[in-house]
There are 2 protein chains.
Amino acid sequence: MHILYTDCAHEIRRSTLLPIQETNLATIYDIAKAAGVTAATVSYVLSGKGSISQATREKVMRYASELGYRPNLIARSLIKQETHTIGLVIPHIINPFYAGIAETVERSAYARGFRTMITNTYEDERLGAELLEDLAARRVDGIIALPGGLSFSAIQSMIASGLPVICCLWEEEEGQEVSLAVGLDFKRGGQLVAEHLLGLGHRRISVIVDVKANGRIDHHLRFTGCQEALANAACPLDAALVSNGDSSLESGEAAAHQLLHLPNPPTAIFATNDLMAIGAMVAAWKLGMRVPADLSIIGFDNIALAPFTSPPLTTINVDRDRLVKLALDLLLSIIEGKQLEPPPLLAPELIARASTAICPASR
Amino acid sequence: MHILYTDCAHEIRRSTLLPIQETNLATIYDIAKAAGVTAATVSYVLSGKGSISQATREKVMRYASELGYRPNLIARSLIKQETHTIGLVIPHIINPFYAGIAETVERSAYARGFRTMITNTYEDERLGAELLEDLAARRVDGIIALPGGLSFSAIQSMIASGLPVICCLWEEEEGQEVSLAVGLDFKRGGQLVAEHLLGLGHRRISVIVDVKANGRIDHHLRFTGCQEALANAACPLDAALVSNGDSSLESGEAAAHQLLHLPNPPTAIFATNDLMAIGAMVAAWKLGMRVPADLSIIGFDNIALAPFTSPPLTTINVDRDRLVKLALDLLLSIIEGKQLEPPPLLAPELIARASTAICPASR
DNA sequence: TTGAAAGCGCTAACAT
DNA sequence: ATGTTAGCGCTTTCAA
């Protein structure tokens with residue numbers, strides 16, 4: 001009796017409120033009605049919980065597939081208070097470094113039962129805050145946040161509201177670190193670059209570094225790491241040899257173009273990410289310079305493309321798989337209510353390929 | 001009275017069922033209670049509908065921000081029967097071509113009030129079907145589906161269930177097209193390649209084409225378009241000069257390596273996507289060949305990176321912005337219940353850069 | 001202008 | 001082993 005009543009109500013509502021052409025998907029009530037049981041029973045067999053007789057189970061399953069039943073995860077999320085969805089906030093998916101991260105996060109999260117919503121900030125903090133708000137409104141279970149387009153306050157406000165946020169690869173001045181983070185030893189990365197270039201005999205070394213319009217150095221740590229190592233080797237960085245970019249191919253080319261037109265141009269260029277390094281490579285090519293014979297170029301990130309530039313790009317590797325695993329472990333453990341210690345900084349690693357070579361002057 | 005009762009029930013439930021540390025976000029009931037009105041009233045002021053006195057409106061708004069209210073989009077979705085979310089299914093975000101599409105879709109959809117769930121199939125049809133099912137279970141309002149990892153039957157089953165699906169850039173034999181699609185004239189793209197290479201005097205032309213393990217040519221149309229144009233110019237494609245890849249950098253390099261070791265190697269290589277073309281460029285570089293002096297290379301897609309390879313890559317441009325706009329227009333109009341005519345095929349365009357040049361033999 | 005009440009599709013405690 | 005019931009947070013019709 002109750003079933004009939006409920007069902008009736010369903011039908012009334014549907015015919016009045018929903019657009020006509022909509023093919024309504026079956027609900028557990030439809031299955032229940034067909035199988036002559038109650039919705040709770042259907043829920044039990046579908047979820048595999050409770051104790052249900054084999055006969056009922058089979059009957060329900062049959063009708064479920066017959067009616068093309070597809071669970072409504074929205075309804076499930078509402079009652080369970082969890083969406084099994086995480087948010088991933090990155091600056092720009094067009095940068096293969098972030099695309100690689102996004103891929104790994106999506107894959108690993110999916111393997112652990114979570115879907116991920118990938119969102120780009122385009123380095124815009126207003127948009128970034130808005131996107132975070134929206135993710136929270138959509139009740140994602142947690143967020144993995146990469147820097148660029150995300151202000152500290154925006155992050156803090158999420159955390160304050162009880163939403164787990166893991167900050168990944170943030171590169172701030174010491175002391176500004178957020179508590180739940182998995183980071184990389186960027187400073188060491190910068191050092192490795194300096195050591196590599198110095199070891200090849202380079203003395204006139206340029207750096208193309210990502211600096212935002214507001215003057216903030218985005219790649220602060222990798223820059224100072226390099227700068228300090230150079231100074232320690234009695235080969236301090238010449239300010240005239242430092243140029244700015246915005247992490248894009250275009251900016252890398254423009255910066256290199258400018259540097260290579262200097263009266264006393266550099267023999268090596270360190271671009272603080274691979275995209276700018278690739279931009280620098282074309283700039284050299286367009287000037288008829290050969291890499292690495294005339295000019296050494298080194299990047300940072302080791303994007304999937306790095307081994308496939310002509311010549312293959314020397315760069316600093318970031319262990320993406322490990323990074324993502326740590327971040328996800330941290331996030332999911334918090335979601336499950338456990339507390340995990342944030343891991344130590346990951347160690348960068350120099351990958352020597354063919355874009356760097358002995359300094360011509362020192363030959 | 002009722003408010004108190006309801007609220008009481010809320011609190012009981014919360015304290016018994018939810019994990020302890022969870023910071024519960026305010027609901028409209030919390031606001032209602034604080035403001036001394038009913039939940040319906042709160043809903044009205046928040047949505048801007050209904051007629052509400054200025055005084056009530058302000059009071060509600062004040063408490064809303066005071067309590068840090070964030071709407072629960074899950075609850076909203078459940079009752080409104082719409083999530084304002086679309087699904088985007090692509091093979092592999094690591095391919096900059098798809099990253100570009102994904103970026104454009106996300107941006108444009110967001111501008112129109114929709115979030116997008118980006119999902120990768122990794123060319124795995126089993127996974128693809130699973131992901132589609134999941135998107136449907138999450139009740140996305142519609143799906144934009146790119147080929148690779150998506151079987152016809154999986155798509156059909158979504159459409160049959162009433163979920164709008166727009167197929168983008170499918171490259172199938174004629175007659176197999178899906179109804180709601182926005183496509184590109186791939187065949188014409190292949191022709192453009194052939195004409196360009198022929199015009200530069202090349203006769204020994206290689207093609208590196210994406211062929212799946214099951215023998216299906218993924219880049220079928222761009223391949224046959226080129227093949228036919230070559231045949232029409234009395235310069236039929238030599239089967240020995242055709243090699244297979246899987247759209248990856250690696251496969252492009254491997255295929256080119258093999259082709260360039262042939263007793264009578266090609267003077268030009270057409271890779272059916274830019275990634276393989278870039279792979280081919282390194283292969284040439286590793287063999288000490290100069291592009292384009294010794295070997296011309298042409299790709300397909302015009303990824304953001306194409307102008308920044310050394311030398312910049314000649315390729316076929318796909319108007320991504322227009323493509324995405326058309327797909328989104330189509331999808332959103334269907335979601336809104338309107339019907340729109342699928343647009344005509346987009347026209348590809350050859351972008352001549354520096355990776356192709358006059359055939360050395362014909363100089 | 002506001003309140004009462006029903007219901008979106010599902011889960012889970014409790015009762016039988 | 002199965003049914004009853006309440007409720008997740010919200011929207012919306014209907015009544016007052």
Side-chain angles (χ1 to χ4, degrees), chain A residues 1-3 5-14 16-18 22 24-33 35-57 59-60 69-83 137-139, chain B residues 1-3 5-14 16-18 22 24-33 35-57 59-60 69-83 137-139:
Chain A
M1 269 321 220
H2 171 70
I3 294 172
Y5 164 73
T6 311
D7 203 72
C8 215
H10 274 226
E11 272 157 24
I12 288 165
R13 165 153 280 254
R14 281 177 181 178
T16 46
L17 292 187
L18 296 179
E22 178 123 343
N24 285 306
L25 289 82
T27 72
I28 54 170
Y29 282 96
D30 300 322
I31 301 177
K33 183 184 168 194
V37 294
T38 220
T41 305
V42 175
S43 174
Y44 286 134
V45 353
L46 258 24
S47 69
K49 293 176 187 168
S51 45
I52 300 289
S53 76
Q54 189 56 27
T56 317
R57 183 178 305 279
K59 198 161 42 169
V60 166
Y69 175 76
R70 234 191 300 256
N72 186 328
L73 260 34
I74 297 294
R76 180 129 78 204
S77 293
L78 184 57
I79 189 141
K80 302 259 293 218
Q81 301 280 69
E82 59 182 32
T83 52
R138 284 168 190 274
R139 297 298 190 269
Chain B
M1 270 323 219
H2 170 70
I3 295 171
Y5 164 73
T6 310
D7 203 73
C8 215
H10 273 226
E11 270 154 27
I12 289 165
R13 165 154 281 255
R14 279 173 185 179
T16 46
L17 291 187
L18 297 178
E22 179 123 343
N24 287 304
L25 290 83
T27 71
I28 54 170
Y29 282 96
D30 300 322
I31 301 177
K33 184 183 167 193
V37 294
T38 219
T41 305
V42 175
S43 174
Y44 285 135
V45 354
L46 258 26
S47 69
K49 293 177 188 168
S51 44
I52 301 288
S53 76
Q54 190 57 24
T56 317
R57 183 178 305 279
K59 197 161 44 168
V60 166
Y69 175 76
R70 235 192 298 257
N72 185 327
L73 262 31
I74 297 294
R76 179 130 78 206
S77 293
L78 183 57
I79 189 140
K80 302 259 294 220
Q81 301 280 69
E82 61 183 29
T83 52
R138 284 167 190 273
R139 298 298 190 265

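Since the model is a prediction, treat every value here as computed from it, not as a measurement. Within every chain, numbering begins at 1; the chains are lettered A, B, ... in the order of the sequence lines, protein sequences first and strands thereafter. Both backbone and side-chain heavy atoms feed into the values below; hydrogens, waters and symmetry mates do not.
Note on the helix from C/dT1-D/dA16 to C/dT16-D/dA1: angle between the axes of the first and last five pairs equals 40°, rounded to 10 degrees.
For the pair B/Arg76 and B/Pro71, the minimum side-chain heavy-atom distance is below 4.5 Å. B/Leu46 is listed as a side-chain neighbour of B/Tyr69, based on a closest heavy-atom distance under 4.5 Å. Within the 4.5 Å cutoff, no side-chain heavy atoms of A/Tyr29 are placed close to those of A/Val42.
For the pair B/Ile28 CD1 and C/dA5 C1', the computed distance is 13 Å after rounding to whole Å. Remark: P of D/dT4 and OH of A/Tyr29 are 11 Å apart, rounded to the nearest angstrom. Note: CD1 (A/Ile79) to C1' (C/dG7) measures 14 Å, nearest angstrom. Distance CD (A/Gln81) to P (C/dA12): 12 Å, rounded to an integer number of Å. D/dC10 atom C1' lies 8 Å from atom CG of A/Leu78, rounded to whole Å. In this structure, A/Gln54 atom CD and D/dT2 atom P are separated by 11 Å, rounded to whole Å. Regarding A/Arg70, its CZ atom lies at a distance of 17 Å from the C1' atom of C/dC10, rounded to whole Å. If you measure from atom CG of A/Asn72 to atom P of D/dC8, you get 18 Å, rounded to the nearest angstrom.
Ranking D/dT12, C/dA12, C/dC10 by closeness to the A/Lys80 side chain, first place goes to C/dA12.
With sequence neighbours excluded, the residues satisfying side chain to side chain donor-acceptor pair (under 3.5 Å) with A/Arg70 are B/Glu133, B/Ser161. Legend: residues meeting side chain to side chain donor-acceptor pair (under 3.5 Å) with A/Thr56, ordered by chain and number and at least two apart, are A/Ser53. Residues that satisfy the side chain to side chain donor-acceptor pair (under 3.5 Å) test with B/Thr83, not counting sequence neighbours, are B/Asp141. Remark: B/Ala75 engages A/Leu78, B/Asn72 in a side-chain contact (heavy atoms from CB on, under 4.5 Å) (not counting sequence neighbours).
Side-chain nitrogen and oxygen atoms of A/Lys49 include at least one within less than 4.0 Å of the OP1 or OP2 phosphate oxygen of C/dA12. At C/dA4, one or more side-chain N or O atoms of B/Thr38 fall inside 4.0 Å of OP1 or OP2 (strictly under the cut-off). For D/dC8, neither phosphate oxygen OP1 nor OP2 lies less than 4.0 angstrom from any side-chain nitrogen or oxygen of B/Thr27. Contact annotation: B/Arg76 side-chain N/O to D/dT11 OP1/OP2 distance is under 4.0 Å.
Side-chain atoms of A/Thr41 never come within 3.5 Å of backbone atoms of A/Val37 as a donor-acceptor pair (strictly under, hydrogens ignored).
A/Ser51 comes within contact range of at least one nucleobase, with a heavy-atom separation under 4.0 Å. Nucleic acid contact for B/Ile52: sugar-phosphate only, since backbone atoms but no base atoms lie under 4.0 Å from a heavy atom of the residue. Contacts of A/Ser77 with the nucleic acid, taken as non-hydrogen atoms under 4.0 Å apart, are absent.
Within residues 41-48 of chain A, the residues approached by DNA chain C to less than 4.0 Å at the level of any non-hydrogen atom are A/Ser43, A/Tyr44, in residue-number order.
Here B/Ser77 contributes atom OG and B/Arg139 contributes atom CZ; the two are 11.5 Å apart, rounded to the nearest 0.5 Å.
Across A/Ala39 and A/Ala32, no two heavy atoms sit closer than the pair N-CB, 3.7 Å.
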